[in-house]
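Written below as structure tokens is the structure these notes are about.
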Amino acid sequence: MSLDILRITHGRQICRPIQLPMRGRVLVRTGQRVEMDDIIAEYVLPERFMVYNVQRGFGLSASKAESQIERLVGEHVEPGDVIAQSSGLFARVFRVPQEGRVISIHSGKVILALGEVKHICRASFPGIVVELIPERGAVICGQGAILQGVWGNGKNAQGELIHLGEAVTHPYDQKELDIELNGKIVSLGSCLREDLLTALLESGAAGLIVSSLAPLLQSTGMNLGIPLMSLAGFGDIQTDAYSEAMIKEMVGRKVFLNAYMPDPFSAQRPEMIVPLSEIEDEGLFDEEVRLRIGSKVRLIGNPYTGNAGEVIELPAEMERFASGLELPVAVVKRTDDQLVRIPTSNLEVII
Amino acid sequence: MTGLACTSLISVDIGTQHTRAWLFEAAEGVFHITAGCKVPSTFTGGGDVQMGVWNALERLQVLSQRRIFDNEGHFINNSQIPGVGVEKFAVSLSAGAPIKTALIGLADEASVGSIRRLASMFYTQESAVLSLRGGLDAAHQLEVLVRADPDLIILAGGSDDGACQPVIEAAEHVRLAYNLLPRVHKPQIVYAGNSALTEKIVHCLNAGEDLHTASNIQPEAGHDVLEVAWGAMLKAFEKIRLQQMHGLEELLQKTGGQLLPGAYALGRMVKYLNRINQNNKGVMALDVGAGSTTVAAAKDGKLTLSVSQTAGLDTLCEEVCRWSALPVDAQTAAVYINNKHLHPASMPATLEDLAIEQAWTRINLKHALGQTAQRYPDFEFCPDGGLSGAYEPIILSGAALVDAPTLGQALLITLDALQPYGITTVVLDHQQLLPALGAAASIDPLLPVQILDSGIFLHVGTVITIDSPAPEGSSVLTVELRCGEDPVEVCEIHQGSLKRFDVKLGSQARLHLSPAAETDVGMGRKGLGGWVSINGSALGVVIDARGRPIRLPIAAEKRSEMIKAWLWELGG
């Protein structure tokens, strides 16, 4: 089966490619140490374009208009530079308003690309540059713990991790919110109210990790100025035992929250990285992950959404579920020792 | 001589969730299916697409007992040794994100409309639309193109003796965007406009192998000839997917395979079925997949093919609740569907999840049909009134329909979304074989013909849709059913009802329809009835007199009872 893989891992090598969506300039070198937010690579696009219609402006034919143009394609221009000018009693001049470049002269028209907008990619956690990706970026490696979620709003931040527990569901739970949250990555249970998000934002939190999010808050979450990661998705889902244990263990540490948006076509998932000096697993690459007896799993779909446990049996025969669908099945012993039978397609394998 | 291009062929269909493979072998000049299998696809999460294909081929090797791999585990390609390896390999691909596409045409209603229809055949997502008569100046056109960062640019416009200058200027802007954007892979450009300008456009764009030219898709104003651009689009599609999908290029090299988009391959088969169809009706295939829905319809030799992305959820939760067979609130529906987006391979294990999923399938199917009608103004569908043209058969495909727990559920989803016209048969491509046959057809056109002759579809039922303005509960049709030695069954059909008659697979029946004066049963005009011969099928004959649009009670409980009653009538 095609496996949904979720990483909740202690001290191990963490390598992530940090790269531009386009070709640009790589600004780091192999072996260099980078901190979060250090610029890894950049590319530049024009800020805007400007077209001078010399033919129309001067009232000339296209060929005559081109003879009035004083620049060549590719030429760099400064503010005030003359692009074209006509002579005579009513001479007209076209001047450049902003630094840029001539990109086209065609049919009596000059097109300029003016200004520049830099697009950059930054390191999302501290580490060492182990490999350059030509014209795109670099692979950064560090070591530590990873806690992955399933949904993020595309932003990232760093800060000390604080855990408010599952109980904070209301913005007026003042006791919890009175704790100093400024600059911290705040973990809590499910977030079902917009005013809770607002209250946490106003408290100065640097980032939020929620066990789940109300579906209606998805667009609010996307527009939130700070990173927001949902561990289990949407609805009212409690934090699973493995994620909760990791969060509790990492409280008080400096963590890096990369709330990547989910993309089924890439390996990227939203995650929290906690740098650790000790390594439990030296391997750079994951072993091939298979669903097997003993696999730790998190359950998807009703009635077990968000539960976690361990696979204790993988029956060879398919099983008919209440929906009427006949599907491959796994028997999972949940962390509360209950045995449940669930379609194998509804499992995330935790590694 | 058999007249066949080969005697062994593997066709692989790579979908988002599953990869399907079939081995076809010819004996005495006739192809048959030797083995087929389905395995999980492996390209999601940045994986290598080849792994899923090799897994499938290993299964085929076991199932067929034919050696497909040599001792070193290499695929045996172009084999001339009988019983070893295969001679030909075809690949259809429906997996992958929609292709970000910029459409550039002369005017909205004319060339942009044609380009939109062309693009919709290839699972694209419009990232920019430029109508050259839309008043956008050159600087803005460039900004739009650069911001859109398209994978594919389709430029057309101008009838063959029409406007030149705007198209040449647009080509200049495309050239600038092509050169300015520091993309890892340059966008592919398809030019399918004024043929007289092709040479100038090639010279202007100077995009080498990234430019694919075709004849004019609109040689005369208002007259589409999309077929002329298919070749160029296929080349562009292949280049884009080879760049995007890890392992695809290596797969094609190792197998010598030819790549076709899955929807295009499906469309090819639908067009073929329409050609051999004797009933003067069109043929339609509906494929509801994990991330997209394909509508392929062919009538009088003309193909309507459109791939639509899943409908946006924001405004549709209420609609999902309305069509759910169990009463659910919008919040519950939104939770299920949003989580399904995060875990597309997950399956509904509870009745409530299934009810939401099937309601969502209805919405997606209706949305895709509506999009098709927007793109193709002569496609006879409107979301409220349903289909107003005659199509037979209607072929159902895609996991959402094929994997429904019962055929009745798959049929009801289709009837609710499509509301077919008149008398039609609904069949299920339960093996989801059509795209693979479409891909194989480009290597050996006889192969799909012979395989279709062998009967690959599951006959779900014959559907008679009643169109009548009569008030709810009034009699609209009298049906007389004669089935073999069974006693004649006579039944009055009332407006608002859904009725099924058993006509078992393998048996035949004659049905006499006597419609009321204002009732149209699709026999040519209102009030006209007559005898209809029916072949037996899994569900028999279904008479749908629920009216157009289908009216559902406002109260959730009553609505749910009604949908459950319909499902019950169709066998559960």
Side-chain angles (χ1 to χ4, degrees), chain A residues 1-5 20-24 43-46 48-51 53 103-104 106-107 109 111-113 135-136 150-151 212 214-216 218-219 232-236 262-269 300-305 320-327 342-343 345-348, chain B residues 16-18 40-47 52 96-97 137-140 142-143 146 149 165 168-169 172-173 175-176 179-184 204 244 291 313-314 317 331-332 334-339 341-354 357 403-406 409 572:
Chain A
M1 61 173 286
S2 172
L3 287 177
D4 240 339
I5 296 167
L20 299 167
M22 301 239 176
R23 285 200 309 262
Y43 71 93
V44 176
L45 284 180
R48 65 189 178 116
F49 298 95
M50 184 168 258
V51 180
N53 193 332
I103 58 167
S104 167
H106 187 263
S107 308
K109 288 180 190 163
I111 303 180
L112 301 178
E135 298 185 291
R136 303 280 305 277
V150 295
W151 182 87
S212 62
L216 288 174
Q218 197 172 165
S219 58
F234 297 97
D236 188 1
D263 174 6
F265 302 109
S266 88
Q268 210 167 52
R269 290 185 81 142
I300 304 164
N302 288 324
Y304 307 118
T305 310
R320 189 175 293 279
F321 286 86
S323 61
L325 286 169
E326 210 172 295
L327 300 164
I342 184 161
S345 56
N346 294 6
L347 295 174
E348 291 175 289
Chain B
T16 304
Q17 296 303 332
H18 290 106
S41 292
T42 49
F43 81 100
T44 49
D137 66 28
H140 281 100
L142 250 178
E143 273 163 26
V146 168
D149 178 26
Q165 197 52 33
I168 290 173
E169 282 183 17
E172 171 65 6
H173 303 148
R175 180 185 72 81
L176 291 173
N179 288 319
L180 270 173
L181 277 171
R183 287 174 58 94
V184 179
C204 166
Q244 289 176 337
L313 183 62
D314 299 353
C317 270
Q331 170 82 2
T332 308
V335 166
Y336 179 80
I337 294 164
N338 277 292
N339 285 327
H341 277 301
L342 296 173
H343 307 285
S346 64
M347 300 297 283
T350 64
L351 273 173
E352 184 178 85
D353 285 357
L354 182 77
E357 177 131 338
D403 294 342
T406 66
Q409 290 171 10

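Naming: A, B, ... by sequence-line order, numbering from 1 per chain. Here the structure is a predicted model, which means the values were calculated and not measured.
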Using side-chain heavy atoms (C-beta onward) and a distance below 4.5 Å, is A:F234 in contact with B:L342?
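They are in contact (side-chain heavy atoms under 4.5 Å apart), so the answer is yes.
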Quick check: do B:P182 and A:V44 have side-chain heavy atoms less than 4.5 Å from each other?
no
Using atom types as modelled and distance alone, determine if a side-chain donor or acceptor of [X] lies under 3.5 Å from a backbone N or O of [Y].
| X | Y | answer |
| --- | --- | --- |
| B:E143 | A:F49 | yes |
| B:D353 | A:N302 | yes |
| A:S323 | B:P348 | yes |
| B:R183 | A:M22 | no |

So which of [options] has the biggest tally of heavy-atom pairs under 4.5 Å with chain A?
| options | answer |
| --- | --- |
| B:L354, B:D149, B:N339 | B:N339 |
| B:L351, B:T16, B:D403, B:T406 | B:L351 |
| B:E352, B:E169, B:H18 | B:E169 |
| B:A97, B:C204, B:G47, B:G291 | B:A97 |

[X] versus chain A, the contacting section by heavy-atom distance below 4.5 Å:
| X | value |
| --- | --- |
| B:E357 | neither |
| B:Q409 | neither |
| B:H173 | side chain |
| B:L142 | both |

Counting heavy-atom pairs closer than 4.5 Å to chain B, which one of [options] comes out on top?
| options | answer |
| --- | --- |
| A:R269, A:R320, A:K109 | A:K109 |
| A:E135, A:Q268, A:R136 | A:R136 |
| A:G235, A:G301, A:S104, A:S212 | A:S104 |
| A:G324, A:A322, A:P215, A:G24 | A:P215 |

Residue part contacting chain B, namely of [X], when any heavy atom lies under 4.5 Å:
| X | value |
| --- | --- |
| A:P303 | both |
| A:E326 | neither |
| A:I103 | both |

Atom [atom1] in [X], atom [atom2] in [Y]: separation rounded to 0.5 Å?
| X | Y | atom1 | atom2 | value |
| --- | --- | --- | --- | --- |
| B:M347 | A:L325 | CE | CG | 5.0 Å |
| A:H106 | B:R175 | NE2 | CZ | 7.5 Å |
| B:L176 | A:I111 | CG | CD1 | 5.0 Å |
| B:H343 | A:N346 | NE2 | CG | 9.5 Å |

Mind listing the closest non-hydrogen atom pair of B:A139 and A:V51 along with its distance?
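Residues B:A139 and A:V51, closest heavy atoms: N-CG2, 3.5 Å.
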